[in-house]
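Data first, discussion second: the structure below is written as structure tokens.
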Protein chains: 2
Amino acid sequence: MSQSSQSQSSKSQPSKSQSTTLALENFLPYRLTRLTDAISRDFSQAYRARLGLTRPEWRTLATIGQFGTMTATEIGAHSSMHKTKVSRAVASLETRRWLVRTPDPQDRRVERLTLSKTGQKAYEDMVPVARSFETKLLDRMKPKERAALLEGLEALERTTLTE
Amino acid sequence: MSQSSQSQSSKSQPSKSQSTTLALENFLPYRLTRLTDAISRDFSQAYRARLGLTRPEWRTLATIGQFGTMTATEIGAHSSMHKTKVSRAVASLETRRWLVRTPDPQDRRVERLTLSKTGQKAYEDMVPVARSFETKLLDRMKPKERAALLEGLEALERTTLTE
DNA sequence: AGGAATTGGTTGCAATCGTAACCATGGCGA
DNA sequence: TCGCCATGGTTACGATTGCAACCAATTCCT
């Protein structure tokens, strides 16, 4: 599925003693980035091919699609994106006419962002694609493994993310 | 630990029906990238602060440190990096005099890359740091969760990575 | 033996990204 | 009400990235 990462050279053996050495291929941060890069690159192909979106644009679309109307700051908070990324993604979606800005009458610094009809269509087009991508990913694992992954991820998120 | 990702807006509720909507925060590719970004950013701070290395440079150092002597292509294969990344990282480590290139007498396209004494020192300096980073990460989880994470990750790697 | 295709590695270029600086508005205390 | 800090959002800039093109050396095929 993923051609993005090269294959491991499975034959080469360490020439240094175990204790002085770190096995990169077993190192958790490395494993996570490698896995994540491959998966998110595969998935990004889906929305890039289908909608011509970049990743920040997809996340922005997904967030507004999920909640209906949001401010740029809220989008950033919900999709873990820096505000400059959100700003540029919003600008790009706006020129595509997939979203509309309306000034907030209460606070003129704020812009309320809403999907246009076209943007909404695009979102609704992508939801089943995303769902099936995730399903395919999980369905290749045994039920026990799948459960383990979700439990483990949740635990790691709990201890790592929310301060 | 990680200030890199913003906190979730835990109060906002979806304004769309469940079925038409995708909950980004539960979407596996999103969860993985968010988690991975946070972790690898935290870890990168460690080697950036200590050694002044970028991520490709750290991976290169780690790979040569692990195997002793390698070619650029082998480094890329073992650390999942594009050859241009490896090329630039090697060049940078070379100007620091942390590694040495020696031409391969058998095949003059190839360069054999070895750590200098200084580079070796730097590597040996980082190994315990990396180990303790990983340990700290895992030690905050309950044993059962830790086991689940590792089992789940392995399974996902198995079905996703190795074609 | 002698091109054609492959491999190892580097470089140019355009796109993307994060940091910091910035502008405008709003909240707040004296 | 005035000044000051905080907030929402955009932009300029340098650094990093991936892709494609490239050069040199090797292997393959006939």
Side-chain angles (χ1 to χ4, degrees), chain A residues 2-7 9 33 36-38 40-42 44-45 48 52-60 63-64 69-95 99-113, chain B residues 2-7 9 33 37-38 40-42 44-45 47-48 52-60 63-64 69-95 99-113:
Chain A
S2 151
Q3 306 89 304
S4 44
S5 13
Q6 286 102 329
S7 59
S9 60
T33 61
T36 296
D37 282 358
S40 93
R41 194 179 301 209
D42 281 342
S44 84
Q45 274 197 295
R48 202 154 34 85
L53 292 180
T54 66
R55 205 168 65 148
E57 286 161 15
W58 151 250
R59 281 198 188 176
T60 300
T63 304
I64 309 186
T69 288
M70 300 194 87
T71 70
T73 303
E74 289 171 338
I75 293 174
H78 187 259
S79 63
S80 305
M81 289 197 297
H82 191 85
K83 57 185 191 162
T84 63
K85 259 189 191 171
V86 177
S87 174
R88 295 189 249 247
V90 165
S92 157
L93 290 176
E94 192 192 16
T95 60
L99 71 76
V100 181
R101 310 186 197 228
T102 28
D104 185 323
Q106 312 300 325
D107 184 342
R108 288 188 319 192
R109 292 171 302 182
V110 174
E111 310 182 308
R112 327 212 82 238
L113 305 168
Chain B
S2 151
Q3 305 89 306
S4 45
S5 14
Q6 285 102 326
S7 59
S9 60
T33 61
D37 281 359
S40 94
R41 193 179 302 210
D42 280 343
S44 84
Q45 275 198 296
Y47 53 73
R48 201 154 37 84
L53 291 181
T54 67
R55 205 169 66 150
E57 286 161 13
W58 152 250
R59 280 198 188 175
T60 300
T63 303
I64 310 185
T69 289
M70 301 194 86
T71 71
T73 302
E74 289 170 338
I75 293 174
H78 187 259
S79 62
S80 305
M81 289 196 296
H82 189 85
K83 57 186 191 160
T84 61
K85 258 191 193 173
V86 178
S87 173
R88 295 189 248 248
V90 165
S92 158
L93 290 177
E94 192 192 17
T95 61
L99 71 74
V100 181
R101 309 185 198 231
T102 28
D104 184 322
Q106 312 299 323
D107 184 342
R108 289 187 318 190
R109 292 172 302 183
V110 174
E111 310 183 307
R112 328 212 80 238
L113 304 169

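A note on names: the letters A, B, ... follow the listed sequences, proteins ahead of strands, and every chain is numbered from 1. What you are looking at is a predicted structure, and each value in this text was computed from that prediction instead of being measured.
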Roughly, in whole Å, what's the span from [atom1] in [X] to [atom2] in [N]?
{"X": "B/D107", "N": "C/dT6", "atom1": "CG", "atom2": "P", "value": "17 Å"}
{"X": "A/M70", "N": "D/dG8", "atom1": "CE", "atom2": "P", "value": "13 Å"}
{"X": "A/I75", "N": "D/dG8", "atom1": "CD1", "atom2": "P", "value": "13 Å"}
{"X": "B/M81", "N": "C/dG8", "atom1": "CE", "atom2": "P", "value": "16 Å"}
{"X": "B/Q106", "N": "D/dA24", "atom1": "CD", "atom2": "C1'", "value": "18 Å"}
{"X": "A/L53", "N": "C/dA15", "atom1": "CG", "atom2": "P", "value": "17 Å"}

For this session: State the OG1-CG distance between B/T71 and B/D107, to the nearest 0.5 angstrom.
Result: 10.0 Å
Exercise. Can you find a pair of side-chain heavy atoms, one from A/L113 and one from A/E74, that are under 4.5 Å apart?
Worked result: no
Name all residues meeting the side-chain contact (heavy atoms from CB on, under 4.5 Å) criterion together with [X]; count only those two or more places apart in sequence or in a different chain, and write none if there are none.
{"X": "A/T54", "value": "A/P56, A/E57"}
{"X": "A/S40", "value": "A/R55, B/T33"}
{"X": "B/R108", "value": "none"}
{"X": "A/R48", "value": "A/S44, A/Q45"}

Exercise. Under 4.0 Å between a side-chain N/O of A/R101 and OP1 or OP2 of D/dT10, yes or no?
Worked result: yes
Problem set entry | Below 4.0 Å: OP1/OP2 of C/dG9 and any side-chain N or O of B/T73 | yes
Exercise. When you check every protein heavy atom under 4.0 Å of nucleotides 13-21 of chain D, what one-letter string (B, S, -) results, 5' to 3'?
Worked result: ----SBBB-
For this session: Between protein and nucleotides 2-7 of chain D, map the contacts as a letter string: B base, S sugar-phosphate only, - none, heavy atoms under 4.0 Å, written 5' to 3'.
Result: ----BB
For this session: Look only at the side chain of B/S92 and the backbone of B/R88, and say whether a donor-acceptor pair between them is shorter than 3.5 Å.
Result: no
For this session: Report yes or no: does B/S87 contribute a side-chain atom to a donor-acceptor pair with the main-chain N or O of B/K83 at less than 3.5 Å?
Result: no
For this session: For A/R101, enumerate each residue passing the salt bridge (charged side-chain N to carboxylate O under 4.0 Å, His left out) test, keeping only those at least two apart in sequence or located in another chain.
Result: A/E94, A/E111
Exercise. Listed by chain and number, what are the salt bridge (charged side-chain N to carboxylate O under 4.0 Å, His left out) partners of A/R112, not counting sequence neighbours?
Worked result: A/D104
Exercise. Side chain of A/E111: nearest nucleotide among D/dT10, C/dT25, D/dA25?
Worked result: D/dT10
Exercise. Bend angle of the helix from C/dA1-D/dT30 to C/dA30-D/dT1 from five-pair axes at both ends, rounded to 10°?
Worked result: 20°
For this session: Evaluate side-chain contact (heavy atoms from CB on, under 4.5 Å) for A/V86 paired with A/T73, printing each intermediate quantity in order.
Result: CA-CA 8 Å; A/V86 177; A/T73 303; over 6 Å; no
